[in-house]
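Report on the structure given below.
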Number of protein chains: 2
Amino acid sequence: MATKPPAENMARSTKQRTAILELLEHDDAFRSAQDLHAILREAGSKIGLTTVYRTLQAFAEADIVDVMRLPGGDHLYRLCSAEEHHHHLVCRSCGRTVEVAGPTVERWANKVAADHGFTEVGHTLELHGLCAECSQSFKAQ
Amino acid sequence: MATKPPAENMARSTKQRTAILELLEHDDAFRSAQDLHAILREAGSKIGLTTVYRTLQAFAEADIVDVMRLPGGDHLYRLCSAEEHHHHLVCRSCGRTVEVAGPTVERWANKVAADHGFTEVGHTLELHGLCAECSQSFKAQ
DNA sequence: TAGGTGTTGACAATGATTGTCATGACTGGG
DNA sequence: CCCAGTCATGACAATCATTGTCAACACCTA
Ligand SMILES: [Zn+2]
Ligand SMILES: [Zn+2]
Ligand SMILES: [Zn+2]
Ligand SMILES: [Zn+2]
């Protein structure tokens, strides 16, 4: 149950990985591989789409980034500060994301699972809505 | 905020829809469109894959079935008894599913969202583990 | 029973993700 | 500093669930 090995398959440090990491550091919303690729190309990088996909996957395995799935099924990535288990409150308009801990939920989940005889329980939880700012914009039509 | 119109686009009753519905009625696990299609063909039906997809979508829109997404991104469907909002406790080995209500979670979600100035909040939550039976099998190696 | 319309199914198209593999970029040792 | 040994990259092909198309069909009702 320990945290995964820090960097399973990230032996070397490269321009591409650095570039992606830097992008993520200046962004508090979840982004897709395609988005990041587009941004990097826009900025003049010759990075390949495949590389972006692979790098993001590696980051995810190493728990360097959090992954979330869009209703459509696409993967989105975000650099998260919290080291421990947490969930996300995402603005469905601008993408702004807040990390939230859910001790209440964790307890509830464990109890429910136990009550039904389940073991090895895990869970996925995500909150989505309109952030304060976007709520305003919408109210003002 | 009322429940969606019962049957937006399901004007007629057909053999295919009946067949799919019947399959779902005798199954308490989530199944994919492809699974259901395979089973129906197996049983001699000439139903088309496209039809299964469309029907399942329609059922989902009409809140006749619940949808869940696999880590890989595929859609799974299940006929649910509870009419109100609920979540799922799924066995990741055999797929057996239990419906659970989560008043605690609902309250928690609303509070967290409000604390951060978010409005129009919704959430997705799912529990997965090993059911009592599968836990046994695994323990017995 | 016949017509109007919702449905079907074979097939093509989509599009994000993954596989391939020759070429290029790190890094540690000499 | 230079080189070999790897690991990483990127252009391109391949997957594969899902969606789009559209002519042939099946409901249902008047
Ligand atoms: Zn949690
Ligand atoms: Zn916002
Ligand atoms: Zn359900
Ligand atoms: Zn089970």
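As the structure is a prediction and not an experimental result, all values here were calculated from the model. Note on naming: letters A, B, ... go to the chains in the order of the sequence lines (proteins, then strands), and numbering restarts at 1 for each one. Worth knowing before you read on, the calculation uses all heavy atoms, side chains too, and leaves out hydrogens, waters and symmetry mates.
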So, [X] side chain and [Y] main chain: donor-acceptor pair closer than 3.5 Å or not?
X      : Y      : result
B:R69  : B:L76  : no
B:T55  : B:T51  : yes
B:S135 : B:L130 : yes
B:R17  : B:R12  : yes
B:H86  : B:E84  : yes
A:D35  : A:R31  : no
B:R92  : A:E120 : yes

In this structure, how many angstroms lie between the [atom2] atom of [N] and the [atom1] atom of [X], rounded?
X     : N      : atom1 : atom2 : result
A:M10 : D:dT6  : CE    : C1'   : 15 Å
A:I47 : C:dG24 : CD1   : P     : 18 Å
B:L56 : C:dG9  : CG    : C1'   : 16 Å
A:L70 : C:dA16 : CG    : P     : 11 Å
A:D35 : C:dG15 : CG    : C1'   : 14 Å

Below 3.5 Å between N/O atoms, which protein atoms pair up with nucleotides 16-20 of chain D? Just atom names and distances, please.
from: D:dA17; atom 1: O5'; to: B:Q34; atom 2: NE2; distance (Å): 3.2
from: D:dT18; atom 1: OP1; to: B:H75; atom 2: N; distance (Å): 2.8
from: D:dT18; atom 1: OP1; to: B:H75; atom 2: ND1; distance (Å): 3.0
from: D:dT18; atom 1: OP2; to: B:Y53; atom 2: OH; distance (Å): 2.7
from: D:dT19; atom 1: OP1; to: B:Q57; atom 2: OE1; distance (Å): 3.4
from: D:dT19; atom 1: OP2; to: B:Q57; atom 2: OE1; distance (Å): 2.5
from: D:dG20; atom 1: O6; to: B:T50; atom 2: OG1; distance (Å): 3.4

### Query
Under a 4.5 Å side-chain heavy-atom rule over Ile, Leu, Val, Met, Phe, Trp and Tyr, are B:V67 and B:M10 clustered together?
yes
### Query
With respect to A:E99, which candidate in A:H87, A:H88, A:R78 satisfies the side chain to side chain donor-acceptor pair (under 3.5 Å) definition?
A:R78
### Query
Any salt bridge between A:E133 and A:R96, counting N to O under 4.0 Å?
yes
### Query
So which of residues 12-24 of chain A are in contact with DNA chain D, with a heavy-atom cut-off of under 4.0 Å?
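Of all residues in residues 12-24 of chain A, the ones placing a heavy atom under 4.0 Å from DNA chain D are A:R12, A:T14, A:Q16, A:R17.
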### Message
Other residues, nucleotides and ligands only: do more than 12 of their heavy atoms fall within 6.0 Å of CD on A:E25?
### Response
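Correct, the count exceeds 12.
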Can you tabulate the close N/O pairs, meaning under 3.5 Å, that link protein atoms to atoms of nucleotides 28-30 of chain C?
none

### Message
Can you tell me which nucleotide in D:dC7, C:dT7, C:dT8 comes closest to the side chain of B:T55?
### Response
C:dT8
